[in-house]
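In what follows, chains carry the letters A, B, and so on, assigned in the order in which the sequence lines appear, proteins first and then strands, with residues in each chain numbered from 1.
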Amino acid sequence: MSELKLTDVAKTYGPVKVLKDINLDIQTGELIVFVGPSGCGKSTLLRMIAGLEKISGGTLEIEGQVMNDVPPAQRGIAMVFQSYALYPHMTVRENMAFALKIAKVPAAEIDAAVKRAAQILQLEPFLDRLPKALSGGQRQRVAIGRAIVRDPKVYLFDEPLSNLDAALRVATRIEIARLKEAMPDSTMIYVTHDQVEAMTLASRIVVLANKGIAQVGTPLELYETPDNEFVAQFIGSPSMNLLPGKITQTGPQTTVQLDGGGVAVSTIPTQPEDQGRSVNVGIRPEDFVLTEDAPVFQGCVDFTEALGEVTLLYFAKEKDDASEAVIAKLPGIQRNLRGQTVSVAAAPEKVHLFSNGQSMRP
Amino acid sequence: MPGFLKEFFNRNGTGMGLTILLLVLFWTIGLIILPQLSMLDFSFRPNLPPPEIGGPKDVYTLENYQYLVYGPEGGSQDYNSVDLRVFFRTLIAAVCVTIFNLILCYPIAYYLGQSKGNHIRIFAMMLIIPYWINEILRAFALRIIFGETGVLNTIFVGLGIWDTPFDFIRNDIALYAGLGYAYILLMIFPIYNVIESLDHNQIEAARDLGAPWWRIHWRVVIPYAKPGISSGCTMVFMLSAGALAAPQILGGPSSLWFTQLIYQQFNDNNDWPQGAAYAIVLLVTCILFVLAMMRLFKVNMGDIGK
Ligand SMILES: Nc1ncnc2c1ncn2[C@@H]1O[C@H](COP(=O)(O)OP(=O)(O)OP(=O)(O)O)[C@@H](O)[C@H]1O
Ligand SMILES: [Mg+2]
């Protein structure tokens, strides 16, 4: 069932358009992750769903009801803020009970709800402490607890882990995944900068860019079949290499003569009229393999980074233009490649083709 | 040497540390504590002509304090009702001015503290610049507004809203306006300082949690701003209870401020011990009152410094 539906949603601040044509249909029980470059409007979109920001155009429906002008507390949503936004003068218990108290829920029910949430989040020993006597991770759990006690239909998280250190972030990420599993009927929308969070948590990822949605799909769909160059480069790290070239052979398989001299073959089919078309060939660094014959790319290794399980090769740029250096990610430890000329190739099914920024995949 | 002193010297070096320390001691002891102690001493002595000072009659006595309560010895009344009434009226009026000031300044401070942008700077400047004008001029300017033939009366009588001029001065409205206006900044800035550091997400979270606007202020903003509010209220209360110029210029002829009585004792009656006793009573009462209020509202002394 459709839980939350955005139709042609737009946001303008005075004359500035921040978001436009946002269409999104979220099913009950999904965990949707919004990703995108800084300033692309992720928080704004989330806050519009929460009701903290006015919707400038289009409609927002929750369970089939238009919610554009419904106040935040009556939308059946609960938001978890990046800075936790706990009240420093209230104990953990009072913080968690705040919403229910305002809603005039009977004290016994409030107590039960707080206790249940505290149990789920392992906060029971801390209920009578003030937030300043808690660690960052515990505060984060209180912030989540404050949402849980309201039993909302939709949870909204705005970069909930970005204030935690790396180790705690991983632990809390896993906790959120567990929490989601424990509450299969609740829907979550989650904003993050962190690719790993997005890839591991999301049932679907929404990539926002250029005031709109660049692509929506499961993490692996975005990784394997990106719709456009932006998504291709945004998902995956280091980002996908884009090599310009011209199509020299069309058909069920396409051959591209690269401007850099190599030849790439892709399993993406093309029509005869595509012959000679200028395209960008996209290959992920991890899809490159060392080769002796018929290289896709050949270059001098400018720099290497050995991470143990993989080695990153940064190739020297041909010309000093703005284009990114080509990167290859090879498994294991590769010694003594720096300064050498190396040839790499990729399997045809791993080779993406983009024309005018859009994928040529049918 | 206590730890904090050692740390202080380590941080500033011995020479610099010693200089700072001496300056601070000179400031607190030489300029504040010693003069006040001598005032305290005055207040317990009889008012004697100079030749008799240090003579056999110069002994400690409570008569100056008794005078405030019981009036002149052998007077017609059991209590010094005139002075006592002025005393309590001053305290109550100072409380009223403080509350009025708080109600006026809290929204301004909240607005300044929570909105972003350059216009805030301009607003703050517009608040500060009038204070370049000295207190006397500001007080007389208010007289021009509130006087019998002043701006307000001219307008209202001219419009036919009132038949006869309203006496703002006799009704103390001018005085309250003057006192309120005099200390606006002392109320706004401590509150502004605290509210500026309030994470706006806390307000949004409260909205998200379903709190109406008044409840957001009551449960979130005001508890957070409590140190600023108490610091502002304390200053405004102390200063309005101790104000002299505004009551002198704007007060009605029949309503004296207690500071005016003190001034009269020092100046007109040339009775320094009596004036000192009155001043000490005012000071101690104000301090006790502030401490009681702080206890009532659960404010720590450390919060005042914020
Ligand atoms: N009140 C406002 N007035 C004008 N522009 C605004 C306002 N609030 C946000 N913006 C603009 O809207 C755009 C989107 O902001 P938003 O905070 O949603 O970005 P974001 O994707 O969450 O970024 P980040 O990843 O850095 O958190 C930004 O370019 C920002 O400058
Ligand atoms: Mg954001």
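- Using a 4.5 Å cut-off between heavy atoms, A:Leu156 makes no contact with chain B at all.
- Distance check, rounded to the nearest 0.5 Å: CE of A:Met96 to CG of B:Leu209 gives 12.5 Å.
- For B:Tyr224 (side chain) and A:Tyr87 (main-chain N/O), no donor-acceptor pair under 3.5 Å exists by modelled atom type.
- Only one option out of A:Arg47, A:Arg150, A:Arg75 pairs with B:Asp208 in a salt bridge (Lys or Arg N to Asp or Glu O under 4.0 Å); it is A:Arg150.
- What you find for B:Ala205 and A:Ala85 is that their closest heavy atoms are CB-CB, 3.9 Å.
- Other residues, nucleotides and ligands contribute at most 12 non-hydrogen atoms within 6.0 Å of the CZ atom of B:Phe297.
- Judged by distance alone, the side chain of A:His89 and the main-chain N or O of B:Arg219 form a donor-acceptor pair under 3.5 Å.
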After noting the C-alpha distance and the side-chain angles of B:Arg207 and A:Leu52, does the key distance pass the side-chain contact (heavy atoms from CB on, under 4.5 Å) rule? CA-CA 8 Å; B:Arg207 274 175 65 200; A:Leu52 297 172; 4.0 Å; yes
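- Side-chain contact between B:Pro223 and A:Met90 is absent, with no heavy atoms from C-beta onward closer than 4.5 Å.
- The 12-atom threshold is exceeded at OH of B:Tyr131, counting heavy atoms of other residues, nucleotides or ligands nearer than 6.0 Å.
- Within 6.0 Å of NZ on A:Lys115 lie no more than 12 heavy atoms contributed by other residues, nucleotides or ligands.
- B:Arg215 approaches A:Lys101 most closely through the heavy-atom pair NH2-O, 4.3 Å.
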